Number of protein chains: 2
Amino acid sequence: MRELVKVFRALSDETRIRILKVLLERECCVCEIMQALDISQSRASRNLGILEGAGFVKSRREGLWMVYAIDEQAMNSYVAALIEVLRGSLVNEEIILWDRERLSRAMRVGPRAIRK
Amino acid sequence: MRELVKVFRALSDETRIRILKVLLERECCVCEIMQALDISQSRASRNLGILEGAGFVKSRREGLWMVYAIDEQAMNSYVAALIEVLRGSLVNEEIILWDRERLSRAMRVGPRAIRK
DNA sequence: AGACTATATGCACATTTTCGCATATAGTGT
DNA sequence: ACACTATATGCGAAAATGTGCATATAGTCT
């Protein structure tokens with residue numbers, strides 16, 4: 001139960017939904033999330049952490065970068081179903097399109113260069 | 001987006017998940033929810049209102065009673081999928097079993113008789 | 001080692017959420 | 001109209017949440 005609540009709570013925030021929609025496009029490091037959503041570094045990092053804690057996302061280190069990706073397997077029962085719901089949602093939502101646009105121009109350049 | 005967040009937010013609370021699991025058993029008036037979950041009247045009413053606002057639940061008046069039920073049709077795209085996720089979840093969760101047990105003994109007797 | 005980088009996190013603060021209490025509202029029945 | 005009932009809701013308090021700022025942590029490179 002605790003677990004299920006945590007899973008839904010993770011999705012009950014616009015920032016985190018936007019992050020997941022971006023990660024459904026492709027895996028990203030934190031600074032790419034910052035650029036795609038145009039948000040601060042701590043905000044990106046913290047919300048990625050919450051998504052990871054709920055089981056939506058996994059991370060791996062790649063040099064200085066932490067790369068986050070949708071956890072396609074491993075997901076506990078509900079998570080997989082919820083990812084599918086998200087995959088089909090918000091397909092024409094303006095902010096999601098913007099995020100995708102910015103993502104396409106994002107580079108692994110680090111927050112120093114972005115100053116958010 | 002606003003709508004999607006509202007839907008997930010509605011599920012991000014243990015009380016509301018318990019209510020939905022009870023309503024998946026059968027429709028209930030507010031006082032039956034109070035008895036099944038062993039919670040106060042205002043708590044039952046308010047959380048039912050939130051579930052209704054998010055589209056999970058519909059209500060009809062039946063004399064003095066307001067009867068709440070899972071909104072099987074009408075549900076906007078995601079809601080139906082989420083109901084299905086819930087239907088398959090928590091099948092052996094202790095608190096859910098207790099709620100169901102208390103529900104089976106609940107009667108339309110009104111909060112006056114329950115004093116919660 | 002030291003300088004530099006990307007990411008995580010402690011802290012403070014504002015906002016939101018949840019809930020109980022008391023009361024308002026709406027319907028029933030005399 | 002009046003008494004009574006079930007449910008909704010305004011208000012206040014406590015707790016939880018989201019975020020920015022500054023700093024800590026962890027890794028790279030010379």
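Numbered from 1 within each chain, the chains take letters A, B, ... in sequence-line order. Given the structure is predicted, the values throughout are model-derived calculations rather than measurements.
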Cluster overlap A/Ile39 with A/Val57, hydrophobic side-chain contacts below 4.5 Å = yes
Please step through side chain to side chain contact (heavy atoms under 4.5 Å, CB included) for the pair A/Lys58 and A/Gln73, ending with a clear verdict.
-> CA-CA 10 Å; A/Lys58 63 187 172 185; A/Gln73 58 273 12; 3.6 Å; yes
So what does A/Arg16 touch, heavy atoms closer than 4.0 Å: a base, only the sugar-phosphate, or nothing?
-> sugar-phosphate
Take A/Leu103 and A/Arg26, measure what side chain to side chain contact (heavy atoms under 4.5 Å, CB included) needs, and give me the verdict at the end.
-> CA-CA 9 Å; A/Leu103 173 64; A/Arg26 65 170 170 84; 3.4 Å; yes
Taking the side chain of A/Ile50 as its heavy atoms from C-beta onward, which of C/dA26, D/dG18, D/dA8 lies nearest to it?
-> D/dG18
Given atom CG of A/Leu64 and atom P of D/dT30, what is their separation to the nearest angstrom?
-> 13 Å
If you pin A/Glu62 and A/Thr15 to their nearest nucleotides in DNA chain D, which one's is more 5'?
-> A/Thr15
With sugar-phosphate meaning primed atoms plus P, OP1 and OP2, does B/Val109 contact a base, only sugar-phosphate, or nothing at under 4.0 Å between heavy atoms?
-> sugar-phosphate
Grab the CD1-P distance between B/Ile33 and D/dT7 for me, whole Å please.
-> 10 Å
Separation of atom NZ in B/Lys6 from atom C1' in C/dT17, rounded to whole Å | 16 Å
Spacing of B/Ile19 atom CD1 relative to C/dT18 atom P, expressed in whole Å = 11 Å
Is A/Ser45 reaching over with its side chain to a backbone N or O of A/Gln41, donor-acceptor style, under 3.5 angstrom?
-> no
N or O in side chain of B/Ser45 less than 4.0 angstrom from D/dT7 OP1/OP2 | no
In Å and rounded to the nearest 0.5 Å, what is the CZ to CG distance from A/Arg46 to A/Leu48?
-> 12.0 Å
Overall bend of the helix from C/dA1-D/dT30 to C/dT30-D/dA1 (five pairs an end, 10° steps) is 30°
Please step through side chain to side chain contact (heavy atoms under 4.5 Å, CB included) for the pair B/Ile33 and B/Tyr68, ending with a clear verdict.
-> CA-CA 9 Å; B/Ile33 295 289; B/Tyr68 286 86; 6.0 Å; no
Atom-pair distance (CG on B/Leu48; P on D/dT7), nearest Å | 10 Å
Under 4.0 Å between a side-chain N/O of B/Ser12 and OP1 or OP2 of C/dT17, yes or no?
-> no
Any B/Ser40 side-chain N or O less than 4.0 Å from OP1/OP2 of C/dC19 = no
Does B/Asn47 place a side-chain N or O at less than 4.0 Å from the phosphate oxygens OP1/OP2 of C/dT17?
-> no
Which nucleotide in the list C/dT7, C/dT5, D/dA8 gets nearest to the side chain of B/Tyr68?
-> D/dA8
In B/S/- notation, 5' to 3', how is nucleotides 10-15 of chain C contacted by protein heavy atoms closer than 4.0 Å?
-> BB----
Gap between atom CD1 of A/Ile19 and atom CG of A/Leu37 - 0.5 Å precision | 5.5 Å
Length of the line joining A/Trp65:CH2 and C/dT5:P, which is rounded to integer Å = 11 Å
For the side chain of A/Ser12 and the backbone of A/Arg9, is there at least one donor-acceptor N/O pair under 3.5 Å apart?
-> yes
Grab the CZ-P distance between A/Arg61 and C/dA6 for me, whole Å please.
-> 12 Å
Would you kindly check whether a donor in the side chain of A/Gln41 faces an acceptor in the base of C/dA6, or vice versa, at under 3.5 angstrom?
-> no
Does B/Lys21 come within less than 4.0 Å of B/Glu25, counting only side-chain N to carboxylate O?
-> no
What is the distance from CZ of B/Arg9 to C1' of D/dT17, rounded to the nearest Å?
-> 8 Å
Should we say atom CZ of A/Arg60 is surrounded by more than 12 heavy atoms from elsewhere, each under 6.0 Å from it?
-> yes
